[in-house]
Amino acid sequence: MSGTTVERTRVTLHNAVVRFAGDSGDGMQLTGDRFTAESALAGNDLATLPDYPAEIRAPAGTLAGVSSFQLHFSDQDVHTPGDQPDVLVAMNPAALKKHLKDLKPGGTLIVNSDAFTDRNLQKAGYEGNPLEGDVLTDLQVHEVPLTSLTLRALEEPIASGGIGKKDAERSKNMFALGLVSWMFSRSIDATEAWLRAKFGARQALADANVAALKAGWYYGETTEAFVFTYEVPAARLAPGRYRNITGNQAIAYGLVAASVRAGLPLFYGSYPITPASDILHELAKLKHFGVATFQAEDEIAAIGSTIGAAFGGALAVTASSGPGIALKTEAMGLAMMTELPVVIIDVQRGGPSTGLPTKTEQSDLFQAVLGRNGEAPIPVIAASSPGDAFDAALEAARIALTYRTPVVLLSDGYLANSAEPWRLPDVDDLPDLADAFTFATEPNGPDGTFLPYLRDPETLARPWALPGTPGLQHRIGGLEKEPDTGSISYDGDNHHAMTVLRHERLARIGRALPPLEVDDPSGSADVLVVGWGSTEGPLRAACTELRERGRAVARVHLRHLAPLHPDLDDLVRRYRVVVCPENNMGQLSMLLRARTLVDVQPYNRVSGQPFSSAELVAAIESFAGSTA
Amino acid sequence: MSGTTVERTRVTLHNAVVRFAGDSGDGMQLTGDRFTAESALAGNDLATLPDYPAEIRAPAGTLAGVSSFQLHFSDQDVHTPGDQPDVLVAMNPAALKKHLKDLKPGGTLIVNSDAFTDRNLQKAGYEGNPLEGDVLTDLQVHEVPLTSLTLRALEEPIASGGIGKKDAERSKNMFALGLVSWMFSRSIDATEAWLRAKFGARQALADANVAALKAGWYYGETTEAFVFTYEVPAARLAPGRYRNITGNQAIAYGLVAASVRAGLPLFYGSYPITPASDILHELAKLKHFGVATFQAEDEIAAIGSTIGAAFGGALAVTASSGPGIALKTEAMGLAMMTELPVVIIDVQRGGPSTGLPTKTEQSDLFQAVLGRNGEAPIPVIAASSPGDAFDAALEAARIALTYRTPVVLLSDGYLANSAEPWRLPDVDDLPDLADAFTFATEPNGPDGTFLPYLRDPETLARPWALPGTPGLQHRIGGLEKEPDTGSISYDGDNHHAMTVLRHERLARIGRALPPLEVDDPSGSADVLVVGWGSTEGPLRAACTELRERGRAVARVHLRHLAPLHPDLDDLVRRYRVVVCPENNMGQLSMLLRARTLVDVQPYNRVSGQPFSSAELVAAIESFAGSTA
Amino acid sequence: MTEATSGLTKKDFTSDREVRWCPGCGDYAILSTVQSLLAEVGARPETTVFVSGIGCSSRFPYYMDTYGFHSIHGRAPAVATGLAIARPDLDVWVITGDGDGLSIGGNHLVHALRRNVNLKVLLFNNEIYGLTKGQYSPTSPIGSVHKSTPMGSIDRPLNPVSLALGAEATFVARSIDADRAHLSEVLTAAYAHRGAAFVEIYQNCVVFNDDAFIAVTGKEERVVNQIRLRHGEPIVFGPGGERAVVAQGDGSLAIVPTGEAGDRVIVHDAHLPEPTTAFALSRLAPSPTGPTPIGVFRSVAAPVYDDLLREQVETARARTPADLGALLASGNVWDVTD
Amino acid sequence: MTEATSGLTKKDFTSDREVRWCPGCGDYAILSTVQSLLAEVGARPETTVFVSGIGCSSRFPYYMDTYGFHSIHGRAPAVATGLAIARPDLDVWVITGDGDGLSIGGNHLVHALRRNVNLKVLLFNNEIYGLTKGQYSPTSPIGSVHKSTPMGSIDRPLNPVSLALGAEATFVARSIDADRAHLSEVLTAAYAHRGAAFVEIYQNCVVFNDDAFIAVTGKEERVVNQIRLRHGEPIVFGPGGERAVVAQGDGSLAIVPTGEAGDRVIVHDAHLPEPTTAFALSRLAPSPTGPTPIGVFRSVAAPVYDDLLREQVETARARTPADLGALLASGNVWDVTD
Ligand SMILES: Cc1ncc(C[n+]2csc(CCOP(=O)(O)OP(=O)(O)O)c2C)c(N)n1
Ligand SMILES: Cc1ncc(C[n+]2csc(CCOP(=O)(O)OP(=O)(O)O)c2C)c(N)n1
Ligand code: SF4
Ligand code: SF4
Ligand SMILES: [Mg+2]
Ligand SMILES: [Mg+2]
């Protein structure tokens, strides 16, 4: 078949959505990562959505075992990983069964026909063979014997014993990648280089994978099956240097940046939990920045150690997901009472209880804002995109250090694992956190005494006096305190006053914020969409589309959930309709309704996936009613 | 001095407030308890307020060491322990210093003059001796050398070595009790009997205390210092048999009653914490009701064991206070997901963190209703008086058993420790909880299979199938489930549907409630006061007073905090002004505002004490504005 | 626990759920052994309950056709304790991992053991956090390079057997996932023990920590390194029993050539009232990299927490009638009439 | 830790806070001993930190004129671990109780010990929950009648020394509140130990559990029952040293008349690499009701967690420059220009 190459029409697209789906063992995450890297290098804007089973390794060939990776790339801004894929690669029947329904009508389907054995079909719960029936009509179906083609491509090394048949077969994902890369006119050079780097000494494996990759590319070029190839030109991204980054990476980098900019060593005490563990893994690799990572025996010890490190003068951080944060709530109260700067990261996942560990959700907002014993006001902020998680981490550190308070930073499973191109900031432009605090060095009270709770009149922050400082010995704890001295006080009126003061301290964080930014190009919108966290992408996309359809909508996306921005009260009252879509059952909606008494309309879905912009467009329109 | 007795004018009062205050070592709690018992036997309605330091034993003679007990008794309904005492007994300078400010102008002050030594005065932080200065003008001051009088009364036994001087001195509290009993024309026979029972074999001690008690009584009778004696006639309480009961006792009894009426053994797994420990102590004495009490290694183990016992078919209960409940929140989510009947009691105390362990507060409402990871709707109810805690415990058990759900029962430090006369219910009139549930015995699915999540169409409760039942083997856990089978499901749409269903299950609890009772005698009120928990007494008293002043106010007191009663929406909209006083910073107010969008006015105080009715009268009036 | 054999087979203990561990995971062997064993010892599916925490190992209950509770991370011993107190008629098994049972759940394990609650605790030790994709655990040797320890772990590992003995456990044993015969023998003994039985099972995680126990499981190695403890038998090991365990003057144990041991060879007595010798044996191999004892270290009869609790209830019952009316009317009461 | 004496006195370690324990509480004696001791060993108030949990004992930090952290119930070892990691220059002491440290906080204690974090842990064991007014604790003997156990407790108690040894502790000792000389000696040794030092202190709660330790503290009893462990000395005790501790053939220890002991008397060696003998000693007295060893059971040098962690950081630093810009630009980057 090789030799001759066929003429093709190259179609130029604004954007495309490609989904790779296969068995957990088929290496779909890696395939997707590589295709993402290629697209990034081609200058596209993009967003990704990895999706893998909670089991380490569900039985091969079953629906439960299907792992997928979706990439949305475009020559314009991308805000979501895409709703319906244009191209679906299905490595086995289970993958087809699970993902076919999402494929765009008329979309392109590439299946590994070798995998459509009776055994696999039955494992996937198929009666007959879908490739035979008329299930796949009005799709562009390409049945490609990926496995055998890969094996054929590797006949030699196999014969010569350079590589085992199993390993050879395993590289079929590279064959698929080669083929799809060809379809989208992508260069595979970077991937080849990457493979060689990855396998290093294991030459034979490297060769095999590269051979498979190229075989896939040539297969596309040479067979007549593919009449079109596509091209998605580079996006007009703001000039600068870019990289892809996931939310967990961005948080890790943001924390390191905060430590560098504050001139404080970073202490990270954590207990592994999906989807937060990768932050620990990232930071463990960054010890050269003076980062101390401590894998504690549980989440309580993790935050306990974090509080101790903060008392010792470190930039102290702990992270977990919902179930682990639940265990930290008592200690969060202690951090609040002792007024130590601590950052608590909640990478939210599907709840309640163990829930859906690998799926995304925004349902820990109540827990973060209100989930403690007693009156324990703690600032809460949220990251809104993978790249934004970097800034959010810096902001969390800023608030913690400036006000000497624990701060909750909310991320979620979607942000944690999905990647987007991120424009590298100029290190010198990052906030200078060294101004945010000073360590007490001198007594601040009458005749040489030290008053550990004598507050800054503006921020109400108390002195940060580190053990080791002569003359500032003091004792702190979780019992109620009297002002200035911080001595234990059981006086009722003092307790009331201190409680009011702690709420006031939170309020001041809000009052010191820059004005709230509202996205309302027309300025004439009578509908306001309020969001927070990882829904920003879909919300932005939905609003853009609505505007294109002539519906003026305003959009505000909240970084700060506690305290809520003071501008909100007036803002929400200015619009006829206020809609608040969340991946929970209406948590921010409730906080807004209570605060403003405005009839904020919740739109809620908890299906483990980010919103699709189409869904949001429909939802917002239904609330907004016919165009005003 | 004995022999002659003086004529006295006996003044009849509607009610009186007496406060005993002294050093932690002076036995004030016991003295107060006894005077309470005497008043109860005299047929008064009453309410008490014990107040003691968080330290086991603060230094003798210091302000921190002062322990007090206040009793409000009356010939009418009593709703609060009283605002300002009419009579203050101060056993030492510190007690005087701490409590004098509360004494009603013109009130009666009895001080133990023996205790006013320079050393004690200085410990209490007095410059001079208040008994000498003019600090105490316009009070009826009685300086009684309680210590020496007591010693004199016990000269003989001391001389004969029947009792040590220390023990003799210790019985001075009985002298004080005798004196006050005489002042209020109380019989001391019951106390004498109680003392003899208490000391049993320790004859000499019993004699000494009885002697001191009588000496106090005779002292009042014989000295001319006291020109008035008082009498508070029996209250017109509803006919029936009465006893005094504290909230903790009432909860313990209510749980035992629930177990008897449900025909289920009671399992109580708990870890000690103030002010909840006494429930454990009470239940540990009631093993003859088949009660199993388990003192766990921590609060997490406590609720864990409770969930296990519920799985095994017990009426399973755990209790703690704020900090301990914080530790239980993860497991509460598990109970919610596994849909097992579990009662979780939160005896709230001053927060946040360790806070004010021995003071009362209502600040765990948010934690109870919203403080969990993920969407974890759990019913929450509250007790409103010591006696009501008995009914509240039964109601918590009813909801848990009927709907197979964890239920949070909120009490607080005030309810826990204070006593009121309680009319004994007729055991046969108690709710019959045996109807609330049945244990599954037969397969309920197609061809003999068992479906552990096949729900009752009305309550949405799932079957309660106990291990040991042949053929119903099944597995439960905290991961998301598919309907009926309860098998693990990672399907997003199923997760959304199940989340909605769990919220619906909570809502149905509300819809099945009897109509909400509103206290509005005039029917013409335009002001509504909404309360929950232990504020009912003060709120009732305040509203009564407001009505006497001609201000029509309606009052509703909520038993159910989650779900909120469906009648509330219409109710709050019917009034011009809605006021919501709470011993927190506005937690129920926020839930109401979010739910109804009505501008509910919060009135908040967290000073470790219940509201005074006077304070509430003022607050409500300020919100209500001039009488309509 | 039930003693009479029930005529049931492995199938009766096998649920219809698809088993979802990685191919080659040591958990499969343990599962299969337990399923057969329960039939052999005459357990009944309906009176058997498996309670687990969270982890790969904690998926175990789903695969048993018995009652099962997949609870939350580390809390299985607590849940099982409540169940055992409420239900003397059940066989309650706890399935946990080295992270679930020794990291987050260590305290519940310690207290269940010292209380001697009637539970059978199987700790699947793979020296790794499997479910969270490969972080080191409290049993990982110093220097372990895993996801959270790129420069090697620096925590001194726990020896689960030593810890259990330090926590007053009445039954302590160790076995190996793939050694069906030995595992059955040990679990049968655990099943027969009334009270808390703790069994550490070396379990191979093929994906994140393959061959961690090769020193005691490898074809050649195991013959050399396994010290098989058998009650009443002298403790000798090695292909031809050429090595023996002897007591030393300082109260510790040592391994010497059997020839030199003479009558100093220790005869294993699992029933010694104090855990001293059992502990000494556990210290022969702080970690399973050389000669390592397996089998039952300690097995002594002791009062069982839940039995005692029920006895107190019965005693109280016999003493005082359960009269609710009388309870409510206890203390000072008075009557109000109109 | 600082070694040079500082010329400071007890007063320099005494805060102005009024001490708020019950008159006669054993905590007073411990407080006073620690205050003097710190001056003697040359500690400095500003580099000394006391971290505690919740309990009567946990009020301790307020009375020291050092840095102090009265944390939450059971979590002091965790807080102290974070502090020790962050600050090698500090002396970090943990004050805990038998409830705080062995009940709710047991797991944190175990892990701090096995990691060998550089902490000095003082566990005030009064066999009761004092602050919550008298419930039995994990060290209360079976049958203890207290508020929550009117019919007597049924939990088999923990032996803190055995548990610590089972948890791989590198320094384990026991002393007595009122025995100033002995307590100073033991605490001085603990202070000198780099790594986790665990000291159980028998502490008398006069209000809720008076004389719980009378068997080892009573005027007559102590002479008979105290087995004073001194490194390098034979373990004999009793008024005239008439009783001795010997090793037995089965690997356990026994108490015999010194006359019969001959050269079998064990010479105490706190530095033995394995905790075997130390554990055996701890089992001579499962609970302090008869002959009971006090002093230093075990004291061995071992790598310290926080030192190792800082070493890794330094190694990494030496290897790779901390260039933030380079970190952000790591991996595939590309440039967009207009
Ligand atoms: C409260 C909480 N913290 C953390 C986790 C994440 N988590 C699940 S299993 C696990 C450890 C698993 O290790 P192990 O107990 O050894 O079981 P294995 O998977 O190795 O069998 C962790 C940290 C969780 N599910 N819940
Ligand atoms: C989370 C939490 N649970 C329970 C308590 C109540 N509590 C305070 S101290 C204590 C136990 C005290 O006993 P111990 O640790 O032995 O100290 P002691 O008072 O005997 O010195 C308990 C249960 C608490 N403060 N916080
Ligand atoms: S990760 Fe390891 S322990 Fe978990 S299933 Fe796979 S092989 Fe087994
Ligand atoms: S209760 Fe006991 S331990 Fe607590 S202070 Fe009083 S005597 Fe000391
Ligand atoms: Mg493991
Ligand atoms: Mg104690």
Side chains of S487(B) and R17(C): any donor to acceptor distance under 3.5 Å?
yes
Checking [X] against chain C: side chain, backbone, both or neither under 4.5 Å from a heavy atom?
{"X": "P452(B)", "value": "neither"}
{"X": "E330(B)", "value": "both"}
{"X": "L237(B)", "value": "both"}
{"X": "I476(B)", "value": "both"}

Using non-hydrogen atoms only, which part of [X] is less than 4.5 Å away from chain B: side chain, backbone, both, or neither?
{"X": "A86(C)", "result": "side chain"}
{"X": "F50(C)", "result": "neither"}
{"X": "R87(C)", "result": "side chain"}
{"X": "T337(C)", "result": "backbone"}
{"X": "I85(C)", "result": "side chain"}
{"X": "A329(C)", "result": "both"}
{"X": "L309(C)", "result": "side chain"}
{"X": "S330(C)", "result": "both"}
{"X": "P77(C)", "result": "neither"}

Among [options], who wins on heavy-atom pairs under 4.5 Å with chain C?
{"options": "G313(B), G477(B), G304(B)", "answer": "G304(B)"}
{"options": "G290(B), G269(B), A37(B)", "answer": "G290(B)"}
{"options": "A238(B), P467(B), A310(B), A234(B)", "answer": "P467(B)"}
{"options": "L430(B), I245(B), T338(B), I300(B)", "answer": "I300(B)"}
{"options": "V256(B), T469(B), L41(B), L286(B)", "answer": "T469(B)"}

If you round to the nearest 0.5 Å, how far is [atom2] of [Y] from [atom1] of [X]?
{"X": "I72(C)", "Y": "I303(B)", "atom1": "CD1", "atom2": "CD1", "result": "8.0 Å"}
{"X": "D335(C)", "Y": "R423(B)", "atom1": "CG", "atom2": "CZ", "result": "11.0 Å"}
{"X": "F294(B)", "Y": "T81(C)", "atom1": "CZ", "atom2": "OG1", "result": "5.5 Å"}
{"X": "I307(B)", "Y": "S71(C)", "atom1": "CD1", "atom2": "OG", "result": "8.0 Å"}

Check step by step if side-chain contact (heavy atoms from CB on, under 4.5 Å) holds for R475(B) and D65(C).
CA-CA 9 Å; R475(B) 282 123 327 248; D65(C) 190 9; 3.7 Å; yes
Between [options], the one whose heavy-atom pairs under 4.5 Å with chain B are most numerous:
{"options": "H73(C), R115(C), Q312(C)", "value": "R115(C)"}
{"options": "I54(C), D89(C), N332(C), V79(C)", "value": "V79(C)"}
{"options": "R310(C), M64(C), R319(C)", "value": "M64(C)"}
{"options": "T315(C), N107(C), V313(C)", "value": "V313(C)"}

Set out, in order, the CA-CA distance, both residues' side-chain angles and the distance that settles side-chain contact (heavy atoms from CB on, under 4.5 Å) for L328(C) and W422(B), then state yes or no.
CA-CA 10 Å; L328(C) 302 186; W422(B) 178 58; 4.1 Å; yes
Is there a side-chain contact between [X] and [Y] in this structure, where contact means two heavy atoms from C-beta onward sitting under 4.5 Å apart?
{"X": "F69(C)", "Y": "L340(B)", "result": "yes"}
{"X": "R20(C)", "Y": "I488(B)", "result": "no"}
{"X": "H108(C)", "Y": "D298(B)", "result": "yes"}

Go through the steps to decide whether V333(C) and Y242(B) satisfy the test side-chain contact (heavy atoms from CB on, under 4.5 Å), and finish with yes or no.
CA-CA 5 Å; V333(C) 301; Y242(B) 284 80; over 6 Å; no
Candidate pair W334(C) and N244(B), rule side-chain contact (heavy atoms from CB on, under 4.5 Å), full reasoning:
CA-CA 10 Å; W334(C) 68 95; N244(B) 284 330; 3.5 Å; yes
Under 4.0 Å between a side-chain nitrogen and a carboxylate oxygen: does that hold for R114(C) and E297(B)?
no
Closest heavy-atom contact between R59(C) and L479(B)?
NH2-CD1, 4.0 Å
Mutual orientation of the aromatic rings belonging to Y67(C) and F311(B) [parallel < 30°, tilted 30-60°, perpendicular > 60°]
perpendicular
